[in-house]
Number of protein chains: 2
Amino acid sequence: MKRNTWQREAVREALETSEGFVSAQALHSGLHATGSPIGLATVYRALADLASEGEADSLQQDGESIYRACTPNTHHHHLICRNCGLTVEIEADEVETWAQKVAAQNGFTQANHIVDVFGLCTSCSPG
Amino acid sequence: MKRNTWQREAVREALETSEGFVSAQALHSGLHATGSPIGLATVYRALADLASEGEADSLQQDGESIYRACTPNTHHHHLICRNCGLTVEIEADEVETWAQKVAAQNGFTQANHIVDVFGLCTSCSPG
DNA sequence: TCGGTTTTGACAATCATTATCATTAAGGGC
DNA sequence: GCCCTTAATGATAATGATTGTCAAAACCGA
């Protein structure tokens with residue numbers, strides 16, 4: 001049975017009050033800064049749980065996983081600058097339905113997808 | 001000045017002949033399997049160079065960076081079975097135009113994209 | 001309150017990636 | 001072709017995020 005602990009709540013709350021994406025390490029230091037004695041491994045576990053329960057989105061950047069609180073209908077993708085790493089969140093309803101359609105047409109089930117667009121942002125574009 | 005080495009060529013070629021995304025580690029083992037004595041660090045460097053020159057796309061999954069050759073005339077996407085690895089190439093004109101549109105709307109230039117759909121193929125689907 | 005079970009947390013282990021640095025070799029100039 | 005300068009290589013150590021371990025602590029139904 002799943003139990004409720006103050007640690008899990010602390011992580012959930014810290015995630016919800018964070019702006020944008022946060023790494024597990026950052027969340028852990030943040031919690032420590034407020035005096036919470038929560039352990040690092042626990043933060044990792046709590047974030048993984050939240051993500052698998054659909055309460056958080058995760059993506060990986062620069063070799064670390066970053067998380068964000070997720071209200072069930074905020075699935076989106078990213079537009080990433082190849083040069084400076086600037087990341088813009090993009091809506092992709094068109095692509096969502098397309099992905100499901102293509103999967104279904106080929107008899108695939110339980111489809112998810114990777115959709116990321118790379119380019120050069122305004123500042124990094126030549127000319 | 002930038003020099004051409006057989007190592008760089010080996011990595012480029014290995015990447016181009018790979019289906020879908022490959023990790024640096026996988027590419028390195030693959031090269032070793034064919035008898036190439038190329039070093040791991042060199043594979044990492046070559047991949048990073050290719051990516052920064054726009055000859056390869058990279059994304060991060062499960063804590064590792066994976067790469068794919070990115071040349072305009074072999075552009076296509078994949079529908080990949082998570083269980084058995086079956087790969088189906090898919091047309092994605094809709095997505096091509098969508099990606100260009102989104103990039104342009106955000107001031108990004110030289111856009112390319114990564115679009116791959118993962119799921120369970122007919123044989124591997126439950127029920 | 002009690003007891004079985006889950007969760008925690010300190011620390012060790014793992015694994016991809018990057019840094020180090022002596023050695024090798026590319027490529028321009030002769 | 002032969003030097004020479006210097007970038008590239010590769011063996012290995014270092015780094016840093018994440019996961020595994022396991023005894024101790026906490027949760028919660030009875």
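Chain letters run A, B, ... following the sequence lines, proteins first, then strands; residues in each count from 1. Note that these values count all heavy atoms, side chains included, but never hydrogens, waters or copies made by symmetry. These numbers were taken from a predicted model, which means no experiment stands behind them.
- A salt bridge links B:E53 with B:K2: the closest approach of a Lys/Arg side-chain nitrogen to an acidic carboxylate oxygen falls below 4.0 angstrom.
- Between the CD atom of A:Q61 and the C1' atom of D:dT18 there is a distance of 17 Å, given to the nearest Å.
- Per the geometry, CG belonging to A:D62 stands 13 Å off C1' belonging to C:dT18, to the nearest Å.
- With respect to the salt-bridge test (charged N to carboxylate O, under 4.0 angstrom), the residues A:K101 and B:E94 qualify.
- Proximity of a side-chain donor or acceptor of A:Q60 to a complementary backbone N or O of A:S65 within less than 3.5 Å is not detected.
- A:Q7 has a side-chain polar atom (N or O) that falls below the 4.0 Å cut-off from OP1 or OP2 of C:dG9.
- Comparing C:dG28, D:dG10, C:dG9 against the side chain of A:A41 picks out C:dG9 as the nearest.
- Comparing B:G63 and B:R3 against DNA chain C, the residue whose closest nucleotide sits nearer the 5' end is B:G63.
- Aromatic ring centres of B:H113 and A:H77: separated by at least 6.0 Å.
- In plain terms, the two heavy atoms of A:S125 and B:G107 that are nearest each other are OG-O, 4.2 Å.
- D:dA8 atom P lies 14 Å from atom CZ of B:R12, rounded to whole Å.
- A residue-by-residue look at A:S65 and B:P37 shows that B:P37 has its nearest nucleotide of DNA chain D further toward the 5' end.
- Rounded to an integer number of Å, the gap from CH2 of A:W6 to P of D:dC28 is 15 Å.
- Using modelled atom types, one side-chain atom of A:S18 and one backbone atom of A:A14 make a donor-acceptor pair closer than 3.5 Å.
- Taking side-chain N and O atoms only, B:R8 has no distance below 4.0 Å to OP1 or OP2 of C:dA26.
- Checked by distance alone, A:R45 brings no side-chain donor or acceptor within 3.5 Å of a matching partner on the base of D:dG20.
- At C:dT7, none of the side-chain N or O atoms of A:T42 fall inside 4.0 Å of OP1 or OP2 (strictly under the cut-off).
- Across the helix from C:dT1-D:dA30 to C:dC30-D:dG1, the helix axis at one end is tilted relative to the axis at the other end by 40° (nearest 10 degrees, each axis from five pairs).
- At a non-hydrogen distance threshold of 4.0 Å, nothing from residues 26-34 of chain B comes into contact with DNA chain C.
- Among all heavy-atom pairs drawn from B:A10 and B:L31, the shortest one is O-CD2, 4.0 Å.
- The side chain of B:E64 sits closest to C:dT17 out of C:dT17, D:dC27, D:dT18.
- If you find the closest nucleotide of DNA chain C to B:M1 and to B:A24, the one lying nearer the 5' end belongs to B:A24.
- For D:dT18, the OP1/OP2 oxygens have a side-chain nitrogen or oxygen of A:Y44 closer than 4.0 Å.
- In this structure, the CD1 atom of A:I38 is 15 Å from the C1' atom of D:dA25, given to the nearest Å.
- Taking side-chain N and O atoms only, B:N4 has a distance below 4.0 Å to OP1 or OP2 of C:dG27.
- Atom CG of B:L40 and atom P of D:dA13 are 14 Å apart (whole Å).
- Between the CD atom of A:Q60 and the P atom of D:dT18 there is a distance of 8 Å, rounded to whole Å.
- Using a 3.5 Å distance cut-off with no hydrogens or angles, the side chains of B:Q7 and B:T42 do not pair a donor with an acceptor.
- Judged purely by atom type and a 3.5 angstrom limit, A:E16 has no side-chain atom pairing as donor or acceptor with the backbone of A:A69.
- For B:T5 and D:dT9, the shortest distance from a side-chain N or O to OP1 or OP2 is below 4.0 Å.
- The residue A:Q25 sits close to a base: some heavy atom pair falls under 4.0 Å.
- Salt bridge annotation for A:R68-A:E89: present, with a cationic side-chain nitrogen under 4.0 angstrom from a carboxylate oxygen.
- A donor-acceptor contact closer than 3.5 angstrom is absent between the side chains of A:Y67 and A:E55.
- OP1 or OP2 of C:dA16 has not a single side-chain nitrogen or oxygen of B:S23 nearer than 4.0 Å.
- With rounding to whole Å, B:E9 atom CD is found 13 Å from C:dA26 atom P.
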